[in-house]
There are 2 protein chains.
Amino acid sequence: MQTLKVDLGERSYPIHIGEGLLDQPELLAPHIAGRQVAIISNETVAPLYLERLSRSLAAYSVISVVLPDGEAHKNWETLQLIFDGLLTARHDRRTTVVALGGGVIGDMAGFAAACYQRGVDFIQVPTTLLSQVDSSVGGKTGINHPLGKNMVGAFYQPQAVLIDTATLNTLPPRELSAGLAEVIKYGLICDEPFLSWLEEHVDALRALDQVALTEAISRSCAAKALVVNADERESGVRATLNLGHTFGHAIETHMGYGVWLHGEAVAAGTVMALEMSQRLGWISAQERDRGIRLFQRAGLPVIPPAQMTEADFLEHMAIDKKVIDGRLRLVLLRHMGEAVVTDDYPKEILQATLGADYRALAQLKG
Amino acid sequence: MQTLKVDLGERSYPIHIGEGLLDQPELLAPHIAGRQVAIISNETVAPLYLERLSRSLAAYSVISVVLPDGEAHKNWETLQLIFDGLLTARHDRRTTVVALGGGVIGDMAGFAAACYQRGVDFIQVPTTLLSQVDSSVGGKTGINHPLGKNMVGAFYQPQAVLIDTATLNTLPPRELSAGLAEVIKYGLICDEPFLSWLEEHVDALRALDQVALTEAISRSCAAKALVVNADERESGVRATLNLGHTFGHAIETHMGYGVWLHGEAVAAGTVMALEMSQRLGWISAQERDRGIRLFQRAGLPVIPPAQMTEADFLEHMAIDKKVIDGRLRLVLLRHMGEAVVTDDYPKEILQATLGADYRALAQLKG
């Protein structure tokens, strides 16, 4: 087992990573203050892991709330099921909410914990690669609104994060690939050597090699923890974590939540950011193609949806959270392994990027 | 104009109190960071003050969202109207949400500000005595749930609070009295001299004497700010602010939101706390009666609803936020002007309190 510490003063918390951690009650106990625990999971994950996690929490009064699965349910109506469960079981403000599932469960359980009686304790047990390397670190919680993704939420830190790498054995390959999109992102934004490591190990990761997975998760969490340490509330450097997300959110919003997986949209969105960075002369065509090739080897889409026009992108990006006073800030690559956040670029370059021939770029690599 | 500072480190904010402050743009400008402002009000207050406040904000791009009036609408469905308005107008994360109205508007606008894009700036412009002395100070925001009051919310501090005492001229007398319940509460829990001052000035307050109102609001805010300074997150001393609220919430929940005004329920609930404190031997029957008399002179109910049984109270109090691990903590008076939070009392005394003859106590004073 490896343990990272996310250092946020009085809100610091540990991330434990390793095989079989679900069966180690001693990792949870130090982080549970009261006698009540509410496990929030979904219909896919609960049958696989709820009973095992409940056994590890046998010392507490445990309820579980099993939500429908998928980003399409990341809304207020589903969130209400958590509040209903907590209130019906009379959980008080010393209860601990435990998220058992992927990013959607983590976001919703975390937001419920942030809001229930104005804030109760929260533990993350992420079971997808995406949530293990991304949404379980950094304190972002929330739900979607019909007019925009993640528009309602809170910054709220967990007491602890428990990552059992063995849970990836039951993850569908498509979701494993989606998680790899965020892993690759860390290499692109701040860790060029990690990018090289990934080029060597991407096949092993897709084959569920536990040693490679542990290394990739640990390195990704460490990278994100460093960024979050430096900037808890996303004023500056933290925004670089959104590489590919502005374009990606536009894709997710336009297609309807859940049609593209988040990681898939991020992959295609990051390819657009690579293309724009190349058009600005910041990276070479070869470096752009290196990124595209890695996403393809990870089993990820690198072409935005054929039906999306330039106007569609601009429409959806205009309500992105990264819009400050009407100027569109984007995360781009100054170099491979170094991201910047900027609104200082010619509008024509953005337009050319939105209209570029990604199909041709993908085929060159295919 | 008087200005208090609520000292919470980097989240400190000023409270300006005085006549005609709605027309002083220079009080708002220092607290608005972006170019967008969203005024949240309700159907009762908007026709009276929305235009004037909008004029003071003419330098900004202003939208308004006018909600239905009343505690019955303090729910998710109404909160959505705020998010809908912000998203439709494409307000970004530098927008400022301004609450123009009573406690319900402050709670909902504040919670919307806490959640919109994971947190945007927020200014309170409370227009009822209750919200001026209570809900605009302390950072509590939230909405009700069908199973309990204020069960979903956040601690979220405003950038500033602007109290225009002239807005009380349009407040219905019943709501003025409801606000006085909280004013009297400050005397009971921590300021015996203020209690004496109130006994001298309660008639002037009900007659809307602006000098007396300014003094009462200022002293109440100062008392609450002191308590909040000492204990921002309600672990200890802050809980004394809930004098009368545990009994009061039970009354509100049982009767259905909006049938009793919050301050009315707090008044009757505080009388129950006085009765219990007297039964514990902590205050005398004369002191209890002094409190009852003051509430009566303020135009407030001192008798719980006739149809509520002991069992009804226990049922509703069991899911109160002040329940810690199943033990019911209550705010009681150790002396007049000194409240304590305790779960250390004989259960029989609580039962006797719930079954006491409040009608007789009220008539003795009538």
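Every chain is numbered from 1 and lettered A, B, ... according to where its sequence line falls, protein lines coming before strand lines. Here the structure is a predicted model, which means the values were calculated and not measured.
- How far CZ of Phe83(B) is from CE of Met151(A): 11.5 Å, rounded to the nearest 0.5 Å.
- Atom CZ of Arg118(B) and atom OH of Tyr156(A) lie 15.5 Å apart (nearest 0.5 Å).
- The minimum heavy-atom distance linking Leu147(B) with Asp84(A) is given by the pair CD1-O, 4.3 Å.
- Using a 4.5 Å cut-off between heavy atoms, Ile143(A) contacts chain B through its side chain alone, with no backbone atom that close.
- Residues forming a side chain to side chain donor-acceptor pair (under 3.5 Å) with Thr141(A) (at least two apart in sequence, or on another chain): none.
- The choice from Ala154(B), Ala114(B), Cys115(B) that makes the most heavy-atom pairs within less than 4.5 Å of chain A is Cys115(B).
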